[in-house]
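This report refers to the structure that appears directly beneath it.
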Amino acid sequence: MTKPFPNTMDFSGYNAPSRIECDVYDLVIDGELPGEIEGSWYRTIPDPPFPPLLGHDTYLSGDGMISLFRFENGHVDFKMRYVQTERYKAQHAARRGLFGLYRNPYTDDPSVRGKGRGAANTTPIWHGKRLFALKEDSRAMEVHPDTLETIGEWDYGGRLKSLTMTAHPRPDPETGELYFFGYEADGLASRQVAFCVADRAGNLIREEWFEAPYCALMHDFAVTKEHIIFPVFPTTADLDRIKSGGPHWVFEPDRESYIGIMPRNGSVKEMRWFRHPARMSFHFMNAHTAGDKVHLDFGVSNANVFPFILEASGLTFDPAKLRGGYVRWTFDLSKPDDTIEETMLGPPGDMPRVAEKDHMKDYEIGYYQRFDPTIGPPLLAGPVGGGFNAISRLNVRERTIRTLPMDRRTTVQEHIHIPSKRAGHEGYLAFVADIHDEPYSQVWIVEAGNIEQGVVCKLRMPLRLRVGVHGNWVPAEAF
Ligand code: V55
Ligand code: FE
């Protein structure tokens, strides 16, 4: 008998597990859906089917659910399925949670010893005519792009050596290559990082390993036309701690951050490490190289904001001590030292997105999400606790922002960018809006270039969508 989930923030409100695999044919659309929007929007959602083995868990552990909004001829059809990982299948058969602490196999039920723990719950990505669901502690899971049926683990035809693959690979829009990496590449708490490239057709063409200064939670990285940038912020793992049943990650505020930069067409042996006091970030908006300078744009803070990581670190979340902002870090490769120059771009936030055509180059516009306390108190949504309530369009050249605020009862899930086929049109942003005093979610679509003008159309969902992590848009012509 399956009992109720714990009454904690990871399983309550819009974080309550959905567990619904479904098809909704022809969603109700309120307003005018722009006719040029044709394609597939995939989202991944951690969605635990059973209460946690240990009686508590983080939202980040939930089994991967993948959802599809298929936009075709002015209609939108919806589909949602679990990714059939080894983890999911074992728990489904047992009808209970079998996995213990986040990324700690030593805390699992003995029946799943040695089984894959990957939840495939973080990012869906389309590359080489295949759809993958990614989780950074494992290899990719391949999923059918129309039916969302699981095809199986993807190891690049047996060529990939790394046991892990980041959930934030970086596609080059011009070459069609996929740049990615895997950290803890040869096992738990390892310092080994694999740097990899797949060509346009999806063949693995490079895999080079290097050692990070320490084992860190390397959630994302960045690529320019000339350089690869690896961030090492001090959220760290320790094998003895894991083996004794402790937490995988702790945040160490007294340890330095390291940023490794290597030439894109060079070797990992040419990596140069730059240093900075302890910082944390999960996602990078974009990066580019201009002469001897490499610029990296992202939301930074002085602590890891995940409650389960702070707790494991013996730290308490103190909003008064939290410092952050949207910044540009500049690395001057002509100088011999290892210092980093920081300039402010905007107020703090996360969930950055640029138009894919602007990726890896000097660019003008990025979109990211913020929490604006003047709108209202935080509402429970997502892994950090409070959900974002505003989407901003940042002009990184002018350092100006324009914002679409939500109302005090609404939080936003991650937005995607949908390019327009019309010359001079900036495209659209689409996102799930969680309206906390209504039972069901809605999808809102806005004009990316005029976000402050508000919603162009709404898709009315006949169910509540648990807060997801990342999504991606695949235009119809890409299939
Ligand atoms: C993140 C998300 C994860 C994870 C590690 O957003 C970091 C950051 C959904 O899973 O495992
Ligand atoms: Fe992420």
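In listed order, ligands and their atoms are each counted from 1. A quick note: this is a predicted structure, and the numbers were derived from the prediction, not measured. If you read the sequence from its start, that first residue is 1, and numbering goes on from there.
Annotation: atom 6 (O) of ligand 1 to nearest protein heavy atom, His219 NE2, 3.7 Å. In terms of protein heavy-atom proximity, atom 2 (C) of ligand 1 is nearest to Leu60 CD2, 3.6 Å. Protein heavy atom closest to atom 10 (O) of ligand 1, with residue, atom name and distance, is Lys135 NZ, 3.0 Å. Among all non-hydrogen protein atoms, the one lying nearest atom 11 (O) of ligand 1 is Tyr102 OH, 2.4 Å.
Ligand-side atoms of ligand 1 in range of Glu136: 5 (C), 7 (C), range being under 4.0 angstrom from any heavy atom. Counting atoms of ligand 1 from 1 in the listed order, those under 4.0 Å from a heavy atom of Asn121 are 9 (C), 10 (O). Each of the following atoms of ligand 1 lies closer than 4.0 Å to a heavy atom of Val469: 9 (C).
A cation-pi arrangement is not found for Arg206 relative to Phe195, the charged atom failing to lie both closer than 6.0 Å to the ring centre and inside a 45° cone about the ring normal. Both tests hold for Arg87 against Phe99: distance to the six-membered ring centre under 6.0 Å, angle to the ring axis within 45°.
In summary, the side chains of Gln369 and His415 do present a donor paired with an acceptor at a separation below 3.5 Å, with no hydrogens or angles considered.
At least one side-chain heavy atom of Glu207 sits under 4.5 Å from a side-chain heavy atom of Leu160. Under the 4.5 Å side-chain criterion, counting only non-hydrogen atoms from C-beta, Asn472 is not in contact with Tyr42.
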Tell me, with the steps shown, if Glu211 and Gln192 meet side chain to side chain contact (heavy atoms under 4.5 Å, CB included). CA-CA 5 Å; Glu211 199 165 83; Gln192 293 297 319; 3.3 Å; yes
Show the numbers, then the answer: is there a side chain to side chain donor-acceptor pair (under 3.5 Å) between Glu414 and His470? CA-CA 6 Å; Glu414 187 204 41; His470 297 298; 2.8 Å; yes
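Between His283 atom NE2 and His219 atom NE2, the angle centred on the Fe ion (ligand 2) amounts to 100° (nearest 10°). Here the angle centred on the Fe ion (ligand 2), running from NE2 of His168 over to NE2 of His470, is 100°, rounded to 10°.
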